[in-house]
Amino acid sequence: MTETIPTQPREGALVHGMYRDGEEIADRKAPKAPIDQMWTKRKFDAKLVNPANRRKLSVIIVGTGLAGAAAAATMGEAGYNVKAFYYQDSARRAHSIAAQGGINAAKNYNDDGDSIYRLFYDTVKGGDYRSRETNVYRLAEVSANIIDQCVAQGVPFAREYGGLLDNRSFGGVQVARTFYAAGQTGQQLLIGAYQALERQVAKGSVTQYQRHEMLELIVVDGRARGIVARDMVTGEIQTHLADAVVLASGGYGNVFFLSTNAMGCNVTATWRAHRKGAYFGNPCYTQIHPTCIPVSGDHQSKLTLMSESLRNDGRIWVPKRAEDCDKDPREIAEEDRDYYLERIYPAFGNLVPRDIASRQAKNMCDEGRGVGPMVGDFRRGVYLDFADAIARLGRAAIEEKYGNLFDMYARITGENPYEVPMRIYPAVHYTMGGLWVDYDLQTSITGLYAAGEANFSDHGANRLGASSLMQCLADGYFVLPNTIRDYLAGGPFDKITEDHPDVVAAKQSVQERIDTLLGINGERSVDSFHRELGHIMWEYCGMERTEEGLLKAIDLIRALRAEFWRNVRVLGGADTLNQSLEKAGRVADFLELGELMCIDALHRRESCGGHFRAESQTEDGEALRHDDEFFYVAAWEFGGTPTGGDTGTPVLHKEPLVYQAIELKQRSYK
Ligand SMILES: Cc1cc2nc3c(=O)[nH]c(=O)nc-3n(C[C@H](O)[C@H](O)[C@H](O)COP(=O)(O)OP(=O)(O)OC[C@H]3O[C@@H](n4cnc5c(N)ncnc54)[C@H](O)[C@@H]3O)c2cc1C
């Protein structure tokens, strides 16, 4: 277990009738050293495992997106026995493939004043001073290595005419440090990681388990020792044992039902670990991305991102007068347009961070100046206009930079964005929260690690664009392989077998849950529960949160969860491919997570980044933090019984943040 500071009683009084205060916790893995020497020292201090012993050690990695594939390839190359699990039919289909815009690195190729320190500073500030300084510094430090690694793998990053790697800008920064491959950066990076992974598969150091879904974590004597997985094709429930387990299972934005995430993204792997003792960090921190194709009605099950890179050249505006909102935008005169981001934030203009751009788009629509068709009694859209850029650079230049994004927009909306401004609106996109990890990426369960979007680690209350790919590959290629060896050096651990009582119990709990889901035989589809949960989350735990709304949401979620277990209808059987069953398990976990997100949002009575509490804002409507009260990571311990259907009363462990290199300030982009 993580070391804890016993300053408070284990069981505090019930707060708000919702949760209990627990002991404070701290990260004890970041060494005592100046911030720019910490990572070097940690790598040196972490124990080594000699090559002959690595063959005797086994690691399970759940997920082969950028974080998991990079970790599996690197650990395999080092000589460990790796088992890699994923639910798609190919590792190449992980959600990471959807990433469009780019990946940050402090290379300073443009000589525009960038540095490791500036990337570190921008990321901490962008996260509204709610991330851990030590982790973010390391992220900035290894960022340049990532680009070198990927170039060596053959990732076709965009290049300038002279052959040098090209860069563009993303929100929240004033330098150009984003490396990209047209509008398909994630796909190209994933192909690089996938090739590295397949090389290890061919060598025999990595075994892949495609179409296998982890449904439970196996913990023996306080250590993570394996997983229970379902073969999604045959329905067989299997146990897999190892010396350590890594979860690189991605984010949980689909708790909102509608999001830009791939349809399969879910919380099950991390939630099952949470139920077994892994703390969940900052679950309420959700990123709402400002440039998505607006919702067009009730029929949708998916939203589409238009990459943030478009904000490099596109200008965002709404009509100054509400009566102009249903006019053809090309007929609205320049003086009748409100380029509101350029007006309110002259220093950063259209490149303000995502949380700010999203909130301002909502404000414009709330004022009645939204554009596009009425959805309900609202127009939910603002213009993203390329007319100026096309006039300045020519259509061919815009086509070269963003052609695939423009084509995608045209295909989905039936409008030609070269001629008519795009319409965009914020949508759920990324979750900064995730499993709590220390500097080594170890969770509060010994031997269980979390990497990539699955952990809470680096983005505080708001992630800057292009920094998730950076974190995933930093975790997978550089951080985890160095830190996990410190743990594995203590192994091989006691051999356990499939008939160990804890293994048997974990497997049995999975079987019972499946039987229960199939046996309810109710009247409502799994999807209808998911859609209703998403609606509650978006209304009350979305872009703006209030105490009243969150209390209401918690009641609604509890009632919905009770109905789910009484009235869900899961078609088909257990021993075959069954998407209805897969979804049911995931939605059941979302129904528990959703409640914890609302409790976390309720307890944090401040606004910061993606968490905007209406009760806490400055006079001009900006987020108002309360550093005196909330300068900590909220790490939640599961309060119920690990195998039952109850969620109990969660326990809040605060990890006070300690800043040595950066001065706390109210964030300003004006
Ligand atoms: C449309 C879009 C565009 C984006 N563009 C950018 C961008 O330009 N730049 C940027 O930095 N970020 C971007 N992001 C964010 C970024 O893509 C993701 O945060 C990142 O790819 C997550 O990678 P990951 O490795 O953590 O997880 P994922 O890629 O989500 O992979 C998760 C893996 O876990 C497996 N898995 C999950 N649960 C289980 C289970 N229970 N059992 C077995 N396997 C499981 C899956 O099969 C998969 O292999 C974008 C996101 C979206 C939605």
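All residue numbers refer to positions in the sequence shown, counting from 1. First listed ligand is number 1; within each ligand, the first listed atom is number 1.
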ring-ring contact (aromatic ring centres under 6.0 Å, His included) for Tyr109 and Phe179? Distances and angles first, verdict last. CA-CA 10 Å; Tyr109 280 171; Phe179 294 77; 5.7 Å; yes
With nothing but distance in play, are any N or O atoms of [X] less than 3.5 Å from an N or O of ligand 1?
{"X": "Thr268", "result": "no"}
{"X": "Ser96", "result": "yes"}
{"X": "Tyr87", "result": "yes"}
{"X": "Gln88", "result": "yes"}

Going by the atom numbers of ligand 1, which of them fall below 4.0 Å from some non-hydrogen atom of [X]?
{"X": "Phe85", "value": "44 (N)"}
{"X": "Leu66", "value": "25 (O)"}
{"X": "Glu213", "value": "41 (N), 42 (N), 43 (C)"}
{"X": "Gly452", "value": "26 (O)"}
{"X": "Tyr430", "value": "19 (O)"}
{"X": "Ser467", "value": "11 (O)"}

Looking at [Y], is [X] sitting on its ring face, NZ or CZ under 6.0 Å from the six-membered ring centre and within 45 degrees of the normal?
{"X": "Lys125", "Y": "Tyr669", "result": "yes"}
{"X": "Arg211", "Y": "Tyr87", "result": "no"}
{"X": "Arg130", "Y": "Tyr285", "result": "no"}

Nearest neighbour of [atom] from the list [options], on a heavy-atom basis:
{"atom": "atom 40 (C) of ligand 1", "options": "Met214, His212, Gln100", "result": "Met214"}
{"atom": "atom 35 (C) of ligand 1", "options": "Gly465, Gly63, Gly476", "result": "Gly63"}
{"atom": "atom 51 (C) of ligand 1", "options": "Met306, Gln471, His429, Arg92", "result": "His429"}
{"atom": "atom 25 (O) of ligand 1", "options": "Ala67, Ala248, Gly68", "result": "Ala67"}
{"atom": "atom 9 (N) of ligand 1", "options": "Cys265, Gly101, Gly102", "result": "Gly102"}
{"atom": "atom 15 (C) of ligand 1", "options": "Glu216, His95, Arg463, Arg230", "result": "Arg463"}
{"atom": "atom 13 (C) of ligand 1", "options": "Ala269, Ser309, Ala99", "result": "Ala99"}

Can a salt bridge be assigned to the pair [X] and [Y] using a cut-off of 4.0 Å between side-chain N and carboxylate O?
{"X": "Lys507", "Y": "Asp502", "value": "no"}
{"X": "Glu236", "Y": "Arg230", "value": "no"}
{"X": "Arg118", "Y": "Asp122", "value": "no"}
{"X": "Asp589", "Y": "Arg513", "value": "yes"}
{"X": "Glu77", "Y": "Arg199", "value": "yes"}

Report the part of [X] (side chain from C-beta onward, or backbone N, CA, C, O) that has a heavy atom under 4.0 Å from ligand 1; answer both or neither where that applies.
{"X": "Ala69", "answer": "neither"}
{"X": "Leu305", "answer": "side chain"}
{"X": "Gln210", "answer": "neither"}

Decide whether the shortest distance between a heavy atom of [X] and an atom of ligand 1 is less than 4.0 Å.
{"X": "Thr64", "result": "yes"}
{"X": "Thr185", "result": "no"}
{"X": "Gly186", "result": "no"}

Evaluation steps, side-chain hydrogen bond (donor to acceptor under 3.5 Å, both in side chains), between Tyr402 and Asp313: CA-CA 10 Å; Tyr402 310 114; Asp313 289 305; 2.5 Å; yes
Nearest-neighbour protein heavy atom for [atom], which is reported as residue plus atom name and distance:
{"atom": "atom 10 (C) of ligand 1", "answer": "Leu469 CG, 3.2 Å"}
{"atom": "atom 26 (O) of ligand 1", "answer": "Glu453 N, 2.9 Å"}
{"atom": "atom 16 (C) of ligand 1", "answer": "Ser468 OG, 3.5 Å"}
{"atom": "atom 31 (O) of ligand 1", "answer": "Gly65 CA, 3.6 Å"}
{"atom": "atom 44 (N) of ligand 1", "answer": "Tyr86 CA, 3.4 Å"}
{"atom": "atom 27 (O) of ligand 1", "answer": "Gly250 CA, 3.4 Å"}

Could you go through Glu308 and Gln100, starting from their C-alpha distance and side-chain angles, then the distance that decides it, and tell me whether this counts as side-chain hydrogen bond (donor to acceptor under 3.5 Å, both in side chains)? CA-CA 9 Å; Glu308 176 160 309; Gln100 301 171 347; over 6 Å; no
Under 6.0 Å from the CD atom of Glu400, do we count more than 12 heavy atoms belonging to anything else shown?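 Result for CD/Glu400: open.
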Would you find more than 12 non-hydrogen atoms of other residues, nucleotides or ligands less than 6.0 Å from Arg531 atom CZ? yes
Report the C-alpha separation of His212 and Tyr86 in whole Å, then their side-chain angles, then the decisive distance to 0.1 Å, and conclude whether the ring-ring contact (aromatic ring centres under 6.0 Å, His included) test is met. CA-CA 6 Å; His212 277 64; Tyr86 48 94; 8.8 Å; no
Side-chain contact test, heavy atoms from C-beta onward, threshold under 4.5 Å: evaluate it for Asn266 versus Asn254 and give yes or no.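 A side-chain contact is absent here, since even the closest heavy-atom pair is not under 4.5 Å.
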Distance col, row Gln188:CD vs Ile103:CD1, nearest 0.5 angstrom, shows 13.0 Å
Using only atom types and a distance under 3.5 Å, with no angle test, would you say the side chain of Arg177 pairs donor to acceptor with the backbone of Arg168?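 Such a contact is absent between Arg177 side chain and Arg168 backbone.
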